[in-house]
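Taking it in order: structure first as structure tokens, then the write-up.
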There are 2 protein chains.
Amino acid sequence: MADVKSEPAQSFLRDEELRQAIELLFFAYRDFTAEPDAILAKWKFGRAHHRVIYFVGRHPQISVTELLGILKITKQSLSRVLGQLVRDAYIVQRPGLRDRRQRLLELTERGKELERQLSETQRALIARAYRAAGGGSVEGFRKVLLGMINEEDRRRFPRPLTGTGPR
Amino acid sequence: MADVKSEPAQSFLRDEELRQAIELLFFAYRDFTAEPDAILAKWKFGRAHHRVIYFVGRHPQISVTELLGILKITKQSLSRVLGQLVRDAYIVQRPGLRDRRQRLLELTERGKELERQLSETQRALIARAYRAAGGGSVEGFRKVLLGMINEEDRRRFPRPLTGTGPR
DNA sequence: CGAGATGTGTCAATATGGCTGACGTAAAAT
DNA sequence: ATTTTACGTCAGCCATATTGACACATCTCG
């Protein structure tokens, strides 16, 4: 139970506001993934492949363990998807120099091309939304999403804005 | 095409900014669904059940076709999940009055209880993020997400804010 | 009234992407 | 030398999605 009666208007508005956020996230995420999903279908790949390609592209030389940490899936789940991408030459693996047990992952040219194609649709979608919302909104968007992310992964996102470091 | 070389710094920053958004969405959505997923697992349900329960709770008397329109899945996919929820008495179906072909959906008390439990964790997560980000950020968050949603579904979200009223 | 469109359910087949548990091997760390 | 770590793999299970076809009741419209 727990509502309406006990705290009349204030909690009702609050609940409504929060539910709107739930729905915004649902619809936005659904549309956010729709285009890449369609592209991937042509290659007989799925969303899981996209995630792997994206993060390998983002972090060249990433180790399998690190990638598992980002995706939060099991080794076996990753293995099937990663195996396909390696076999089809979208990703290459090579032993780490410091630690030769590692298989460091990197996109091939082919992989980069697919990555570009996939993320382009998403970047365009976000760019459009950013433009429509106006510059002031972007900061709020980032802050709220950041607040939804667990402490640990939050550290992946540097300072207040895209600016700071050299890089 | 289109990068780095042609427009040196500006497009680089822009790309970086957009990629951050991609990742924010990925991590936030992942964490956003983690808790409900864990709860659902106890009931042997999955995320699909959550979506159905949520939207039926949100739109009592919704028809199957309308629900399909929201979820953007096929009738067959919905049917299995919905069938379970009806069999287990989380949802009741009854013929529409105006159109008796329709099976209008509604949560039972049991369904409402589960809905409350599931969405509570999400509302709490968002409330925390809203608080941390500050009131000014919420508007931006909403605007950007809204801009990512297709024209049609965007209409589901009424006015600028939850508080055309007092508050 | 009758024909067609609509809302819903269902059957069969298939694919994807998660999971657990167990085991193996190479290399690093202690 | 032993233990731990990084990675791979096998086998099996389950949830969720797909397409295509068909059936039935009911509504709508000429």
Side-chain angles (χ1 to χ4, degrees), chain A residues 26 29-30 33-34 36-56 61-88 91-106, chain B residues 26 29-30 33-34 36-56 61-88 91-106:
Chain A
F26 168 77
Y29 202 76
R30 189 197 59 181
T33 53
D37 283 356
I39 294 172
L40 288 155
K42 295 182 207 159
W43 269 261
K44 306 286 181 182
F45 288 154
R47 199 176 296 178
H49 300 83
H50 185 187
R51 293 195 284 253
V52 170
I53 286 176
Y54 182 85
F55 284 107
V56 171
Q61 312 290 333
I62 194 176
S63 73
V64 171
T65 302
E66 285 173 303
L67 186 53
L68 287 174
I70 288 178
L71 301 178
K72 293 239 179 95
I73 59 175
T74 59
K75 192 172 39 160
Q76 295 76 0
S77 295
L78 174 60
S79 136
R80 188 168 12 83
V81 171
L82 182 56
Q84 288 174 279
L85 292 171
V86 168
R87 268 197 303 283
D88 296 356
I91 287 178
V92 281
Q93 298 175 299
R94 34 182 183 185
L97 294 180
R98 291 184 345 217
D99 182 341
R100 288 178 324 198
R101 291 172 303 180
Q102 295 181 324
R103 299 282 198 282
L104 304 185
L105 307 174
E106 205 165 353
Chain B
F26 168 77
Y29 201 77
R30 191 196 59 182
T33 52
D37 283 356
I39 293 172
L40 288 154
K42 295 182 205 157
W43 268 261
K44 306 286 182 183
F45 287 155
R47 201 176 294 179
H49 299 83
H50 186 187
R51 295 194 283 252
V52 171
I53 286 176
Y54 182 85
F55 283 107
V56 171
Q61 312 290 332
I62 193 176
S63 75
V64 171
T65 302
E66 286 172 304
L67 187 53
L68 286 174
I70 289 177
L71 300 178
K72 294 237 178 98
I73 59 175
T74 60
K75 192 172 40 161
Q76 296 76 1
S77 294
L78 173 60
S79 138
R80 188 178 10 88
V81 170
L82 183 55
Q84 289 175 279
L85 291 171
V86 168
R87 268 197 304 284
D88 295 357
I91 287 178
V92 281
Q93 297 175 300
R94 34 182 183 187
L97 294 180
R98 291 181 348 216
D99 184 339
R100 287 179 324 200
R101 290 170 304 178
Q102 295 181 325
R103 300 283 198 279
L104 303 185
L105 306 174
E106 205 166 352

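So you know, we letter chains A, B, ... as the sequences are listed, proteins then strands, and number each from 1.
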Nearest-Å distance, CG (L97(B)) to P (dT26(D))?
14 Å
Can you say whether the rings of H50(A) and Y54(A) are parallel (under 30°), tilted (30 to 60°) or perpendicular (over 60°)?
perpendicular
Integer-rounded Å distance: dT8(C) P and L78(B) CG:
10 Å
Side-chain donor-acceptor pair present, T33(B), R47(B), cut-off under 3.5 Å
yes
How many whole angstroms separate atom CG of D37(A) from atom P of dT16(D)?
17 Å
Between S77(A) and dC19(C), does any side-chain N or O lie under 4.0 Å from OP1 or OP2?
yes
At under 4.0 Å, does any side-chain N or O of H49(B) touch on OP1 or OP2 of dA15(D)?
no
Closest of dC19(C), dG7(C), dT16(D) to the R101(B) side chain is dG7(C)
Give the nucleotide from the list dG17(C), dT16(D), dA27(C) with an atom nearest to the side chain of D99(A).
dA27(C)
Hey, are E66(B) and S63(B) close enough side-chain-wise for a donor-acceptor pair under 3.5 Å?
yes
To the nearest angstrom, the NZ-P distance between K72(B) and dT18(D) comes to 12 Å
Closer to the 5' end of DNA chain C via nearest nucleotide, is it G46(A) or V64(B)?
V64(B)
dT8(C) phosphate, OP1 or OP2: any side-chain N/O from T65(B) under 4.0 angstrom?
yes
Rounded to whole angstrom units, what separation is found between the CG atom of L67(B) and the C1' atom of dG7(C)?
13 Å
From the list V52(B), L68(B), V56(B), side chain to side chain contact (heavy atoms under 4.5 Å, CB included) partner of L82(B) resolves to V52(B)
Hey, is the side chain of T74(A) poking within less than 4.0 Å of OP1 or OP2 on dG18(C), counting only N and O atoms?
no
Atom-pair distance (CG on L82(B); P on dG7(C)), nearest Å
16 Å
Quick one: does K75(A) reach the base of dG8(D) with a side-chain donor-acceptor pair under 3.5 Å?
yes
Is it the case that the base of dG18(C) and the side chain of R80(A) share a donor-acceptor contact (distance under 3.5 Å, atom types as modelled)?
yes
I want to check one thing: is the phosphate of dC27(D), taken as OP1 and OP2, less than 4.0 Å away from some side-chain N or O of R100(B)?
yes
Q76(A) side chain: which of dT8(C), dA22(C), dA17(D) is closest?
dA22(C)
Starting at CG of L68(A) and ending at C1' of dA6(D), how long is that distance when rounded to a whole Å?
10 Å
Report the distance from atom CZ of R98(A) to atom C1' of dA26(C), rounded to the nearest whole Å.
18 Å
Does Q93(A) put a side-chain nitrogen or oxygen below 4.0 Å from OP1 or OP2 of dG8(D)?
yes
Backbone N or O of I70(A) within a donor-acceptor pair of the R30(B) side chain at under 3.5 Å?
yes
